Amino acid sequence: MTVRSRGPAAGREQRSLAATALLAALLAALAGAFSPVLADAPDASPEGTPGMRMYREGILPSGKKMRGETMGGAVLSGAMAACANCHRRSGMGSFEGGTAVRPITSAALYRPSELYGPARLDRFPPQAGTMQWPAYTDQTLARAIRDGVDPSDRRFDSAMPRYALADADLALLIAYLKSLSTTGAPGITEEVIRFATVVDARVPPERRNAMLGVLQVYVRIRNQGSGAARKARREALKDRDAPWPEARMWKAYRTWELDVWELSGPPDTWEPQLEAYYRRRPVFALLGGISAGGWGPVHRFCERHEVPSLFPSVDAPVVSGPGYYTVYFSRGTELEADALAAHLSAEPDDVRRRPVVQMYRDAEVGKAAATAFRKALERSGEPEPRDVRLPATGDLPTRILEDAWGGERPVNSVLWLAESDLRRIGERTRSTPLSGRIYLSSTLAGTAAAAAFGARNGEVYVAHPFALPKGKGEQDRIRLWLDSRKIPAGDERLQSNAFFAAAIAVEALGELLDFFSRDYFLEKVEHMVETTVTPSAYPRLSLGPGQRFASKGSYILRYEPESGGFLPVGGWIVPESR
Amino acid sequence: MEKTGTRKQFRHPSARFVAPLALLLLLLPAGHRSAAGEGDTGGRGPGYRITEVAIAVPDVTLRGTDGRPVPLRVLLDGGRPLMLQFVFTTCPTICPLLTGIAARVREDLGKDKAMILAISITIDPEHDTPSVLREYAANFDTDPDWLFLTGRLEDIVAVQRAFGSYLGNKMNHPPYTFLRRSPRDPWVRIDGIVHADLLEAEIRKMIGTR
């Protein structure tokens, strides 16, 4: 081993003392970063203030990119130089790769940074001193941003950039910093944290109940048992100033309440309904949710009021335009479309050169899938597909198969259809045999529908952006949880989706303690999805700052009629998404 | 020779209150550097630590920003001195700094920058597809001597493991920069966000232009 070290090695004892001090300082910094005033947060205007654009996007009021040079000599500009990149939208800071980024809310900056209690100060080594400073003033804050020096004249470490900002721009930025996380989040009282789940009334009752049943039982269990014990502990500590972090943990306890926001009628009437629900009883966040079609109105509502929405079960999520507050499992049928196009481009020429026919119902999800597939084929230079658009509801036209497959050449058919439609088409293929391949959507139809086609090997494929189908005798961990709580079996994916949404909310809230900031909540969700032990219907889920689709790939499964099983072709496909 | 034996130290615990403590243990090298004093670095930030490490590069094929396959061993053994970092495009803190420092070093190397091959490998390959990496790279002054690579997740994990940089969670990856003079020389690992001037000096030492 060769270690060239630029200085004396620190002793083990000193290290552990330093670590303790740093931990204490960091926790103390967080403790001071949030001033919970229970009031409704004002809604941000869509374009934001100039200070907000500097903070979040690194764009100066002039429209130019903000530039900063770090102590380490890195020059960053634009979004990479934006304060929010490290300090995050909440201003609560972050911790990554050994670099601690301090909270910069006004509560954290404009009062002295202390370890928790002067009596403890003498126990920490000088290193901890860099975590302490007197309260900032506007002048010292300006100096910190421009010159990288804290109020006690110490230089920041190598990560913090210095920004050569004009006086007016700096004033705008400082004014914005003062507004960060200053008000408590809606949906929080001293006793209760309120959530809602959004249900599209068009969803059939068994699907709706599958999702709702899990959420409601989860919340009930949360409020009983260990929840009741926490509540008792909290009551006992209410008026005592017990030392951090125990007191904060107990004091963070809230009873969960879950409202069901049912949306009736066509989606263009949903937004006023959502507004009315929200006015009546504001919520901290939305959990789960289910739609029979698109999700645009709910997505936009969440952006407008900055309401986090965790993992709704939607087949056609909002994939373009502003999207910070809703976190989706995946891009749904659009992901399938991209994966199918990638799969086709990798097939031998005799397969990929065939004409492509796509069939879909003339409704939100079908149209979204077909549009995405057409675009994906175009991007990868494949032939344009022929569309067979079916009425939104009702029986399938009798000549549909002849229209689609009537030609002399084999075709690749992509059927963006639900299981019931596929079964009807499957029956008809007995009189009009197909020629070529059939591709199905697991999101829309599940995998069982593949059996509806009297096919030979190698003819029916399923785009499957989920974990591989379970073998016989394999049981879902979710299933065990549901069974033990006497929740009737329903659609497995919906149930596990709802479970995941609730479990992640619990984990993220546990990290917040009583800093009930919605942005901070989302930042915690971004961090924990990759490492959670909570099972899901997906092979792997992962987010990062600003990432809003947790699962990025899809299998293409080949149906094996003899065994009734499926074989993944070409592994897990992660297509380009643009 | 040290096989990159830091993994144990960086193990990722799940307990809520253990996590911040363990994360803080990551600061130990930082504390160590602080103890090194500023004199060693000419006032350019804290001291840093250089370790020779033995790395068995796995035989995997990654992809460049054009989507083309890049056999990693062939690339690394091309003969040129190397500078290699692990980053991801949505990284909140250290990746923009590491990448920014790499960019600064290349700028300061001037015409000598063509002597080294710079490589940034994403550790979030399912998000950082070739087109996403291409956009990220466009934030920096890149040229054919600086490659951004992605690949299958399993392969990327294998590469990170080989470099002792895999902690099971991309949000918690150590800020390392790896240098190697030639296939016959050992890899050298620089820990921490070292000042661009100091990294440049190390590189000049490596390529012999000082």
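Owing to the predicted nature of the structure, the values given are computational and were not obtained by experimental measurement. Each chain gets a letter, A, B and so on, in the order its sequence line appears, and its residues count up from 1.
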With B:D185, which residues qualify under salt bridge (Lys or Arg N to Asp or Glu O under 4.0 Å), at least two apart?
-> B:R181
Portion of B:D124 that has a non-hydrogen atom of chain A nearer than 4.5 angstrom = side chain
Using a cut-off of under 4.5 Å on heavy-atom pairs, state which of A:A74, A:A81, A:C86, A:G72 scores highest against chain B.
-> A:G72
Taking the side chain as every heavy atom from C-beta outward, state whether B:L179 and B:E202 have any pair of such atoms under 4.5 Å apart.
-> yes
Side-chain touch B:T122/B:T89, heavy atoms, less than 4.5 angstrom | no
How many angstroms lie between CZ in B:R104 and CZ in B:F140, if you round to the nearest 0.5 Å?
-> 13.5 Å
Looking at A:Y324, does the NZ or CZ of A:R89 lie under 6.0 angstrom from its six-membered ring centre and within 45 degrees of the ring axis?
-> yes
Do the charged groups of B:E126 and A:R540 touch, with an N to O distance under 4.0 Å?
-> yes
Chain B: which of A:Q547, A:E69, A:K65 shares the most heavy-atom pairs with it under 4.5 Å?
-> A:Q547
Residues two or more places apart in sequence or in another chain: which of them pass side chain to side chain contact (heavy atoms under 4.5 Å, CB included) with A:A341?
-> A:F373, A:A376, A:L377, A:S380
For A:E334, enumerate each residue passing the salt bridge (Lys or Arg N to Asp or Glu O under 4.0 Å) test, keeping only those at least two apart in sequence or located in another chain.
-> A:R331
Filtered by a 4.5 Å non-hydrogen cutoff, the part of residues 146-155 of chain B contacting chain A is B:L153, B:E154
With chain B, which of A:G73, A:G78, A:G546, A:G571 has the greatest number of heavy-atom pairs at distances under 4.5 Å?
-> A:G73
Name the region of A:P575, side chain, backbone, both or neither, that has any atom closer than 4.5 Å to a heavy atom of chain B.
-> backbone
